[in-house]
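What follows is a short report on a single structure.
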Amino acid sequence: MTGNAQWKERGDNVFIETYNRYPVAMVKGQGCRLWDADGKEYIDFLSGIAVCSLGHSHPVVTEAVCQQAATLMHVSNLFYTIPQTELAELLTKNSFADRVFMANSGAEANEAAIKLARIHGGAGRYEVISLSGSFHGRTLATVAATGQAKFHEGFEPLPQGFVHAEFGDVASLEAMINDHTCAILCEPLQGESGVRPLEKKYLQVIRQLCDKYGILLIFDEVQTGMGRTGTLFAYEQSGVVPDIMTVAKARFNGLPMGAMLTRDEIARSLGVGTHASTFGGNPVAAAAAVATMKLMLEKDFLGNVRKQGEYLVRKLEEVAARYPELATGVRGKGLLLGLVLTEKGRASGMDIVARLVEQGVLINFAGNRVLRFIPPLTVSDEEIDYMVDKLGTVLDSF
Ligand code: PLP
């Protein structure tokens with residue numbers, strides 16, 4: 001019982017089938033490389049869906065995890081712990097926020113944000129406006145906030161108090177604001193629905209609407225946060241500061257954690273007993289996050305993300321120019337990039353990604369007409385060249 005086929009068979013016998021998995025069992029990772037149970041090597045431009053931003057098994061993060069695991073693994077939030085406190089200090093020192101609530105995932109961080117917006121809004125102000133095409137998680141409230149019907153189907157009735165404005169349409173957004181509105185929730189760049197950045201001007205108008213009507217602006221930076229777009233947080237590039245921000249994924253380089261950040265005067269609305277999480281801010285995950293953040297804050301790290309992002313954009317633009325019947329262009333920021341496929345091209349995102357996996361290259365697709373590239377932020381020119389070369393081989397095969 002050692003190879004991919006055997007692990008697939010064993011897994012298929014026991015898992016609830018919520019995932020469409022490749023017939024591959026990953027056993028080892030190092031930097032931008034992964035190896036499966038058959039010993040095949042892959043280059044990883046997926047990073048566990050924008051999580052392992054320092055590359056797999058980064059020695060400094062691994063050391064921090066091992067040390068913390070050998071020292072103290074869990075005590076609950078009835079006590080302070082050193083890594084959790086250090087992490088909260090790092091997050092607040094490097095963002096607009098003064099206070100942090102620690103969760104275990106992006107969806108949980110968004111749940112905390114929604115609860116905070118409601119309790120801060122007070123009686124009768126419970127409605128959250130999000131955008132069509134958005135993705136905010138898979139818990140019931142975050143599914144309701146997600147502006148894509150396919151995630152709602154079968155789970156109705158969904159929690160009340162969530163409405164969706166048309167992406168990019170300011171009038172539709174303003175028309176939805178009423179006496180019940182407590183917040184506007186959006187991703188500065190929609191990752192899951194096809195790597196769609198929100199224009200700077202659009203974000204600025206959203207901020208103005210929030211100020212005009214006295215409602216909170218929540219940025220879901222679960223995918224865009226922690227260096228992915230070339231600054232520590234994507235909001236820094238828009239000139240717009242949110243009232244609440246959620247992060248997860250890349251903060252911990254592989255361990256599960258999320259966080260909700262806000263300013264002092266808003267944080268005061270969540271008093272003792274209003275929200276909690278047994279594992280939130282777990283010392284081992286927090287130690288991984290502290291190590292990850294410290295590395296990201298080192299001189300040149302973010303500049304290098306921007307540089308490698310520009311290089312990957314150039315390479316993908318060359319691909320789009322070489323295959324005009326398959327691809328139309330490139331969009332995204334930093335190292336969160338999408339190659340947009342033609343509407344009626346011969347190959348869907350799913351087809352291309354499956355053939356790339358056979359070639360030992362991992363990417364994924366978003367919205368099925370966009371190939372999404374989210375490599376470790378440490379990716380080199382040579383690794384980009386290698387991936388682009390394989391992409392060409394696959395596109396030639398259609
Ligand atoms: N928000 C955004 C923008 C995401 O991209 C995701 C996951 O892809 C989530 C929330 C949910 O995060 P998690 O899967 O950690 O619950």
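Remember, it's 1-based here, ligands and their atoms both numbered in the order they're listed.
- Under a 4.5 Å side-chain heavy-atom criterion applied to ILVMFWY residues, the cluster that includes Val75 comprises Leu72, Leu78, Phe79 as well.
- Side chain to side chain, Gln308 and Asp381 meet the donor-acceptor criterion of an N or O pair below 3.5 Å.
- Taking Ile, Leu, Val, Met, Phe, Trp and Tyr as members and joining any whose side-chain heavy atoms lie under 4.5 Å apart, directly or through other members, Trp35 forms no hydrophobic cluster with any other residue.
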Checking ring pair (Phe, Tyr, Trp, His ring centres under 6.0 Å) for the pair Phe96/Tyr235: CA distance, chi angles, key distance, verdict? CA-CA 10 Å; Phe96 70 92; Tyr235 80 81; 5.5 Å; yes

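- Contact shell of ligand 1 (protein heavy atoms, cutoff 4.0 Å): Ser105, Gly106, Ala107, Asn110, Phe135, His136, Gly137, Glu187, Glu192, Asp220, Val222, Gln223, Lys249.
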Taking only distance into account, with no hydrogens and no angle test, what donor-acceptor pairs under 3.5 Å do side-chain atoms of residues 389-398 form with protein atoms, sequence neighbours excluded?
residue	atom	partner	partner atom	Å
Thr393	OG1	Asp389	O	3.1
Asp396	OD1	Tyr323	OH	2.9
Ser397	OG	Arg355	NH1	2.8
Ser397	OG	Val394	O	2.5

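- Using modelled atom types, one finds no donor on one side chain facing an acceptor on the other under 3.5 Å when comparing Gln68 with Thr71.
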